[in-house]
Amino acid sequence: MTEPLFIYNTLTRTKEKFEPLHPPLVGMYVCGPTVYSDVHLGNCRTFVSFDLVYRYLCFLGYKVRYVRNITDAGHLEGDRDEGDDKFAKKAKLEQVEPMEIVQKYTLGFHEVMQLLNTRPPSIEPTATGHICEQIEMIKQILANGYAYEVNGTVYFDVEKYNQKYPYGLLTNRQLEDLIAGTRELGGQDEKKGRLDFALWIHAKPEHVMRWPSPWGWGFPGWHIECSAMSSKYLGDTFDIHGGGMDLQATHHTNEIAQSQACHQKAPVRYWMHTNMLTVNGTRMSKSAGNGFLPGELFTGAHPLLDKAYSPMTVRFFMLQSHYRSTLDFSNEALKASEKGFQRLMSTYALLENLRTGSSSSSNIKELEEKCYAAMNDDFNSPILLAHLFEGARIIQAVHAGSETISSEDLVTLKKFMKGFLFDVLGLRSEATLSNELMEGTVGLVLSLRKEAKDRKDFAQSDKIREELNKLHIEIKDSKDGTSWSINQ
RNA sequence: GGUCCUGUGGCCGAGUGGCUAGGCUGAGCUCUGCAAAAGCUCCUACUGCGGUUCGAAUCCGCACGGGACCUCCA
């Protein structure tokens, strides 16, 4: 840990020096997916961003407990505490049990996360697995006087809460402004205040996913799970809470209110929010129907896609923008990422067989420091990548003989290139077919080609190269001989 | 309407007031039997108008454009 790490905190709207409550331990909670449908690329961006955060904290030596939940109950269609349960609706549509929906999309989510090479969280708790904890928490909030029950449904009393704590803290908004933005309560409403939200919801007879509670059969509201599970695994106050920006105004605002009302402490020290992935400048979202499924991207099966893009290309594409900026999705941008990523990987492969000299023509130590500085500045991965490309330039130059590197610097270069590319950015080479059999076979073919070249039979040597190219095996002739790589 | 964010070269995308971000694309050159790869060079931008300043893409104001949230969404 050379320099201090700075994190942009949504609470204060500034970059703050990161100081964990109990170093070297760090507690981090990230809002995970609601598993009632496939994750789309926008969802993935958030999880890749927090994977970067998790990886870098670990890289710095922190012992991180990373909790990311799976929402598998209690999420209604609207946030007015009425309407259909998302899982029940989907289950009806697919004619299966709600828990089959949960299982199906949880597995799909994990598969995508693996392809994108995100590290699994330390704990991945589900809402249905923590009903007791949620009920206990609601009881405490009731006991503290910040909630009330109506016909088996328990509501959070926002106005009462606001008398003691600032409710609109996270979005810097006043309660009056918030109320002005909501509709009038009708005669059939059970809630007292327009902003009140449900902690526990009375289950109608046809509702399958239901649990007994002090207020009768029902199910938890959407927001309470995160409060209950984060405090259970990370404590009443913990270091980092993350999620997409779209959760900031409602979900996270309510989370803070619930936790504060229950424990009488601010739950989170650093709030982090990732920005949206956009398509043609508009947010990618499920309801807008402009979402890309990761699978469509990896196979190219989508009308807006020119071709398939590999998972690492997609990850690299995401890392090329800062997590707090919007990132616009386009074929051109993805193609650029594909090329850049492949160049970085093929250049990295040269690192193993680099000749060393008595001195270095570039300042390797300084470059390493710049990499740390980039990440310490609120996880600025695009800047880090710019520095890694500088590293790639040096590797190529040394390889070509126009620059030199000392053996000591080569060790440093290897160490941080590997560390940042693979451990921090979580990239991995996708040319995995180079096993022993391939080495031998391609080697044999190339030796035949060399014989043809030696007798100036270029028709033959070009034909071999052409055929290998068709198999995506790329040939590079140089003074030292011929090398090959798999070009996907 | 309310609360905010944002406007950078062909495309994507960083930028802490002064010194070329970076990637991709395009053009030229070097290397080379030809390719490919790599290297070098070039195309050097900051929505507009004011203001602060010795100096602004960077700070302030106004205008215009784009977006997000205030209804479910990472």
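To find a chain, count down the sequence lines: A is the first, B the second, and so on, and within it residues start at 1.
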Any luck finding a side-chain donor-acceptor pair between A:T326 and A:N275 under 3.5 Å? no

Applying a 4.0 Å non-hydrogen cut-off, can you work out what A:G168 is touching in the nucleic acid: base, sugar-phosphate, or nothing? nothing

At under 4.0 Å between heavy atoms, what does A:A400 touch on the DNA or RNA strands: base, sugar-phosphate, or nothing? nothing

More 5' along RNA chain B: A:S461 or A:T347, using each one's nearest nucleotide? A:S461

Report which part of the nucleic acid A:N380 touches: base, sugar-phosphate, or nothing (heavy-atom distance under 4.0 Å, all strands). sugar-phosphate

Applying a 4.0 Å non-hydrogen cut-off, can you work out what A:L277 is touching in the nucleic acid: base, sugar-phosphate, or nothing? base

Please say whether more than 12 non-hydrogen atoms of neighbouring residues, nucleotides or ligands are located less than 6.0 Å from CD in A:E467. yes

Just do the side-chain hydrogen bond (donor to acceptor under 3.5 Å, both in side chains) check on A:S337 and A:Q320 with the steps written out, would you? CA-CA 8 Å; A:S337 295; A:Q320 267 190 307; 3.0 Å; yes

Which of B:C70, B:G23, B:A74 is nearest the side chain of A:F389? It is B:G23

Give the nucleotide from the list B:G13, B:A14, B:C40 with an atom nearest to the side chain of A:D328. B:G13

Quick check, are the ring centers of A:Y66 and A:Y29 under 6.0 angstrom apart? no

Counting only side-chain heavy atoms from C-beta out, which of B:C12, B:G15, B:A74 sits nearest to A:T34? B:A74

Under 3.5 Å, is there any donor-acceptor pair linking the side chain of A:R45 to the base of B:A74? no

Measure centre to centre between the rings of A:F292 and A:F329, then say whether the value is under 6.0 Å. yes

When you get a sec, tell me which of B:G22, B:A14, B:G39 is the closest nucleotide to the side chain of A:R343? B:G39

Describe the nucleic acid contact of A:T171 in one word from base, sugar-phosphate, nothing, applying a heavy-atom distance below 4.0 Å. sugar-phosphate

Consider the side chain of A:Q396, meaning its heavy atoms from C-beta on, and name the nucleotide among B:A14, B:A38, B:G22 that approaches it most closely. B:A38

Out of B:C11, B:A14, B:C24, which has the shortest distance to the side chain of A:A336? B:C24

Using a heavy-atom cut-off of under 4.0 Å over every strand shown, decide if A:G243 touches base, sugar-phosphate, or nothing. sugar-phosphate

Is A:H40 touching bases, backbone alone, or none of the nucleic acid, heavy atoms closer than 4.0 Å? base

Taking the minimum atom-to-atom distance to the side chain of A:K339, which one of B:G33, B:U25, B:G39 wins? B:U25

Parallel, tilted or perpendicular: ring planes of A:F341 versus A:F316, cut at 30 and 60 degrees: tilted

Side chain of A:I383 only, heavy atoms from C-beta on: which candidate in B:C40, B:C70, B:A14 is closest? B:A14

In dot-bracket form, 5' to 3', how is RNA chain B paired? Count Watson-Crick and G-U wobble pairs only if both distances fall under 3.5 Å, and write | where the partner sits on another strand. (((((((..(((.....[...))).(((((.......)))))....(((((..]....))))))))))))....

Between atom CG in A:L350 and atom P in B:A38, what is the gap in whole Å? 10 Å

Got a donor-acceptor pair under 3.5 Å from the side chain of A:D462 to the base of B:G33? yes

Any donor-acceptor N/O pair under 3.5 Å between B:C34 base and A:R465 side chain: yes

Working note: A:K450 + A:D454, criterion salt bridge (charged side-chain N to carboxylate O under 4.0 Å, His left out); need CA distance, chi angles, decisive distance, verdict. CA-CA 6 Å; A:K450 182 160 191 311; A:D454 287 346; 3.2 Å; yes

Specify the separation, in whole Å, of atom CG of A:D246 and atom P of B:U3. 22 Å

State which of B:C12, B:A74, B:C70 makes the closest approach to the side chain of A:T250. B:C70

Check every strand shown and say whether A:M284 touches a base, only sugar-phosphate, or nothing at a heavy-atom separation below 4.0 Å. base

Would you please say whether a donor-acceptor pair under 3.5 Å links the side chains of A:T71 and A:E225? yes

Could you say whether A:Q320 or A:N275 is positioned toward the 5' end of RNA chain B, judged by the nucleotide with the nearest heavy atom to each? A:Q320

Parallel, tilted or perpendicular, as decided by the 30° and 60° cut-offs, for the rings of A:Y161 and A:Y167: perpendicular

Nearest listed nucleotide, side chain of A:N43, among B:C70, B:A21, B:A74: B:A74

